[in-house]
Amino acid sequence: MKKKITGRSPIGVFDSGIGGLTVARSLFEILPNENIIYLGDTARLPYGTKSKETVIKYSLEITKFLLHKNVKMVVVACNTASSVALPYLRKITKLPVIGVIKPGSKAAVAGTNNYKIGVIGTLGTIQSYAYKTQIHQIERNTEVFSKACSLFVQLAEDGWTENKIAEMTAKEYLTEFKNMNIDTLILGCTHYPILKSTISKVMGKKIKLIDSGEEAAKEVRRILIQNHMLNSQKKNGVHKFYVTDFQKKFKEISERFLGQPIHDVKKVKL
Ligand code: DGL
């Protein structure tokens, strides 16, 4: 029997893998009393190079899994999935489904002074034009420059975040944004906040970096308050993690992304 959904129900979060733990980390910080269920689709990652149809299919399967766990809201931590799947996910539930594109875009538009915004993400995210479309819906007169930075994902996973290779790669990808005179850059991928200091070094301190995951976490709090669905418990929330495969170096990578040791991880079949 389905349990009644209340403020005590968990928030469901999903990603193509462990990158979304950067979003979970922001949620833990902003909403320490919330119970959270995280699913990383580690058996099928990356999503960033897959077709739109496949990403939608996987996202639907995961959302159904989370709904079975009686979550009170679904947070799509993955930028690639957020770019293409949200309307489809919203068709199968009346609960709030929050992606990272809108919160990241809103923060970028609020932060820019010259209305020139850069967006970096996976190939799937960039080719979907989701950020560009969203930014233009908020502020028509904005110039948006986008670029897929695929290698950043591997660098973040290998922990090569502040060495020469990371800096050279960032220079290669990002120099064109400097020439375009952007003043704000959206980190439109779960992995990129891990490379924040190198990206900032290459772009210069004056360029505002927007972490879409962090902005999504703030949006989650706003919506829970608005819907009177905040968890009122005084103790810290319970965090449960599910993966579809125990990929190699799971513990090491996940702890780097989450910023703390990870417990209670189960492998599931969707
Ligand atoms: N989580 C993905 C994203 O934010 C990056 C990794 C992948 O391609 O699956 O777009």
Side-chain angles (χ1 to χ4, degrees), residues 12-27 38-63 66 74-86 89 97-105 107-108 118-132 134 146-161 169 173 185-196 199 209-217 219 241-245 247-250 253-254 256-258 270:
V13 183
F14 82 85
D15 179 47
S16 56
I18 44 190
L21 291 174
T22 55
V23 184
R25 182 180 189 160
S26 296
L27 284 167
Y38 179 95
L39 184 125
D41 194 6
T42 42
R44 303 190 291 195
L45 95 170
Y47 283 10
T49 50
K50 296 209 164 59
S51 70
K52 182 177 167 185
E53 293 71 33
T54 300
V55 175
I56 292 169
K57 178 174 172 277
Y58 291 172
S59 302
L60 279 166
E61 286 170 10
I62 298 169
T63 300
L66 293 172
V74 175
V75 180
V76 185
C78 180
N79 284 256
T80 310
S82 293
S83 297
V84 296
L86 291 187
L89 307 185
V97 179
I98 317 288
V100 289
I101 309 293
K102 199 170 178 181
S105 302
V119 182
I120 52 176
T122 65
L123 202 57
T125 298
I126 300 305
Q127 286 186 346
S128 75
Y129 296 109
Y131 274 108
K132 197 171 189 166
Q134 186 66 66
S146 316
K147 184 157 185 137
C149 301
S150 320
L151 291 178
F152 281 169
V153 169
Q154 197 57 49
L155 289 173
E157 293 201 0
D158 284 348
W160 286 21
T161 52
T169 311
Y173 279 138
L185 178 67
I186 300 180
L187 308 179
C189 174
T190 49
H191 288 58
Y192 300 177
I194 303 285
L195 289 147
K196 207 170 182 173
I199 294 174
L209 300 183
I210 304 291
D211 178 343
S212 288
E214 199 179 300
E215 298 304 324
E219 176 78 2
F241 301 92
Y242 295 94
V243 289
T244 49
D245 188 25
Q247 68 188 104
K248 302 240 179 336
K249 297 213 277 182
F250 172 79
I253 305 175
S254 58
R256 182 170 338 112
F257 279 61
L258 194 61
L270 295 173

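Atoms within each ligand, like the ligands themselves, are counted from 1 in listed order.
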Next item on the list: Give, for atom NZ of K52 and atom OG of S59, the distance between the pair rounded to the nearest 0.5 Å.
Entry: 12.0 Å
Next item on the list: List in chain and number order the residues that pass side chain to side chain contact (heavy atoms under 4.5 Å, CB included) with S82, two or more places apart in sequence or in another chain; answer none if no residue qualifies.
Entry: V76, V100, I101
Notebook entry, point to check: Shortest non-hydrogen contact from F257 to R25?
Noted result: O-NH1, 3.2 Å
Check: When the ring planes of Y192 and F152 are compared, do they come out parallel, tilted or perpendicular, using 30° and 60° as the limits?
Finding: perpendicular
Notebook entry, point to check: Do D245 and T42 have a side chain donor and acceptor closer than 3.5 Å?
Noted result: no
Note to self: Please identify which of these residues, T49, T125, L123, meets the side-chain contact (heavy atoms from CB on, under 4.5 Å) condition with T80.
What the structure shows: T125
Margin query: Just to be sure I understand the cut-off, which residues have at least one non-hydrogen atom under 4.0 angstrom from an atom of ligand 1?
Written below: D15, S16, P46, Y47, G48, C78, N79, T80, T122, C189, T190, H191
